[in-house]
Protein chains: 2
Amino acid sequence: MARLPKATPGSRRISPRMPSGPSEEAFLASYDPTKFERLSVAVDVALLALDPSIGFMSLLVRRDAHPAKGAWSLPGTFVRPRESLDEAAKRVLRDKAETEDVYVEQLYTFGALDRDPRTRVISVAYYALIQRELMLQLVTPPTVDVGRVHEPFAIRIRGSQVELAFDHGEMLQTAILRVRGKLDYSPIGYELLGDRFTLFELQQLHETILGRKLNKDSFRRRMLASGQIEPTGELKERAVVLGGSAPATMELGRPAELYRAAPPPRPG
Amino acid sequence: MARLPKATPGSRRISPRMPSGPSEEAFLASYDPTKFERLSVAVDVALLALDPSIGFMSLLVRRDAHPAKGAWSLPGTFVRPRESLDEAAKRVLRDKAETEDVYVEQLYTFGALDRDPRTRVISVAYYALIQRELMLQLVTPPTVDVGRVHEPFAIRIRGSQVELAFDHGEMLQTAILRVRGKLDYSPIGYELLGDRFTLFELQQLHETILGRKLNKDSFRRRMLASGQIEPTGELKERAVVLGGSAPATMELGRPAELYRAAPPPRPG
DNA sequence: ATAATAGTGTCTCTCAGACACTATACC
DNA sequence: GGTATAGTGTCTGAGAGACACTATTAT
């Protein structure tokens, strides 16, 4: 779990003039947790990857139980009493996407009254970012599939447009807007590429996230000056063609240098 | 409630090939909401105002019951089963701050295991912005008082530093960072001023939020070109001094023109 | 008049965008 | 050689920062 706000140890400072009445220890020993009505709390995760020619891709699962049985939804789970929200999100990624050590961040909490037909369910939405190649390996039917999100936020699966269960379409839209908004002021996006990438690949990533073309010269200068990336000295290798004519997508021209994400600056 | 993500009607599209088994209606009629363990869900609100000479101010309440009895905390409440999260936040502002029609936005959801000693409580934190004058009217002891937040995030009440109950100090810190982050790309901040203000007052507000001095000329140009404000043609009136010498804080020099927040651009 | 603040005009520096040019690959 | 992509050098226009100057008030 990365880049969540720092947790500070909870402190319960008591006033010097202790008010009269039973002690806090006695209060806690006799506390009845059912005094206030409790709610179901769920976590749903939008696992995102990016393809330059498609746009955003999100992991979707097909619901095999009521409600909305048969519909597509974001992977999610109910939060257990002994796990934190972040742990629940990680558990979803582990169980339904076989994915660990990805960038995960809390997105927004959805609490409309009628968002789940069963009962009142509060859902804390998370989003996570992985590389396109890892996303494509996750397709393990029948419970897991990859949805392709075209803008403006039409969700397609293998070409045909679908509606997600519950309010998961809104969650997905919010996640994409969050990623786009963070791109300008945050070194986000490197989780979506491999550990080595060319400047043009990075530019294509930014163009896909922002939904518009960027100026090549300016993008190069800005990225090199930002300190977010560093050159490796290596050059991108070409696919070796074993005889026959080259495929239509064969790369041409001078090979590009490979860069990697620079380590964050020392806070000292 | 303003500028929350748009709610879209929840849709539960069912696959054409309906899986076998009981119908969704029959499932919902027999659903047992206690099948998954439920959690307590609370809402806490950081109501913020800004004073040019102090910095951020936040409404704090003194806890009159266990746990953390006697400690200062953000106003909050448990979420009722028949109200949305936004409604709960508005109820907190109405009941504990006698405030309505303010800018309110969801902040972050805190779900650590031990954040409340009673039982497992998930807290959805909100923040709200009001004018300094309205904040100062809210001081109605003994349950309501105004805390003054100095940076870096030391919380003072009438000069002496305090620690807030639970993880409310972290919530307050997160709220201030959110307001600061939104200042650059969003027309935020006008909720913190009256309906008429001078350019210098607006600059002081931005300087307080950002924690650094801004260039006067550049700030004027940027604000006037942004379309976020419009001139009223009125001039700021001076306090009338009824005899005697002028107070030390008397305003001097040419009176400034008053501006107001411009209406948002027509989406057509 | 002097002091103090509001507001304007203009210069410079920085950076994004555009374009020309060189470098290195495959054909 | 031609063509396509990678990378560099330089010009230009927009905007931020700095500074000088004018405008309007109170004392």
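In what follows, chains carry the letters A, B, and so on, assigned in the order in which the sequence lines appear, proteins first and then strands, with residues in each chain numbered from 1.
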> Looking across every strand, which nucleic acid part, if any, lies under 4.0 Å from B:R221 by heavy atom: base, sugar-phosphate, or nothing?
Replying inline: base
> Please give, in whole Å, the distance from D:dA26 P to B:L235 CG?
Replying inline: 11 Å
>> Using the side-chain heavy atoms of B:S218, tell me which of these nucleotides is nearest: D:dA16, C:dA6, D:dA6.
In response: D:dA16
> What about A:K216: does its side chain form a donor-acceptor pair under 3.5 Å with the base of C:dG17?
Replying inline: no
> Just by distance, do the side chain of A:D167 and the backbone of A:E170 share a donor-acceptor pair under 3.5 Å?
Replying inline: no
> Between the main-chain N or O of A:A97 and the side-chain N or O of A:T99, is there a donor-acceptor pair closer than 3.5 Å?
Replying inline: yes
>> Quick check for you: among C:dA16, C:dT8, C:dA23, whose closest atom lies nearest to any side-chain atom of A:R222?
In response: C:dA16
>> I want to verify a distance call: between D:dA6, D:dG9, C:dG9, whose nearest atom is closest to the A:F200 side chain?
In response: D:dA6
> In whole angstrom, what separates A:L258's CG from D:dA6's P?
Replying inline: 12 Å
> Of all the nucleotides listed (D:dG7, C:dT24, C:dG7), which has the minimum atom distance to the side chain of A:P255?
Replying inline: C:dT24
> Between B:L199 (CG) and C:dT8 (C1'), how many Å, whole number?
Replying inline: 13 Å
>> Are A:V104 and A:L129 packed together at the side-chain level, in the sense that at least one heavy-atom pair is separated by less than 4.5 angstrom?
In response: no
> Nearest-Å distance, CE (A:M223) to P (C:dC15)?
Replying inline: 15 Å
>> Tell me the interatomic distance from A:L224, atom CG, to C:dA16, atom P, rounded to whole angstroms.
In response: 12 Å
>> Considering only residues two or more places apart or on different chains, which pairs with a residue in residues 196-211 of chain A satisfy salt bridge (charged side-chain N to carboxylate O under 4.0 Å, His left out)?
In response: A:R196-A:E234, A:E201-A:K236, A:E207-A:K213
> Between B:N215 (CG) and D:dC19 (C1'), how many Å, whole number?
Replying inline: 10 Å
>> For A:L258, is there any backbone N or O sitting under 3.5 Å from a side-chain donor or acceptor partner on A:T232?
In response: yes
>> Without decimals, in angstroms, what is the distance between B:R220 CZ and D:dC19 P?
In response: 18 Å
> Taking CZ from B:R254 and C1' from D:dA26, how many angstroms apart are they, rounded to a whole number?
Replying inline: 15 Å
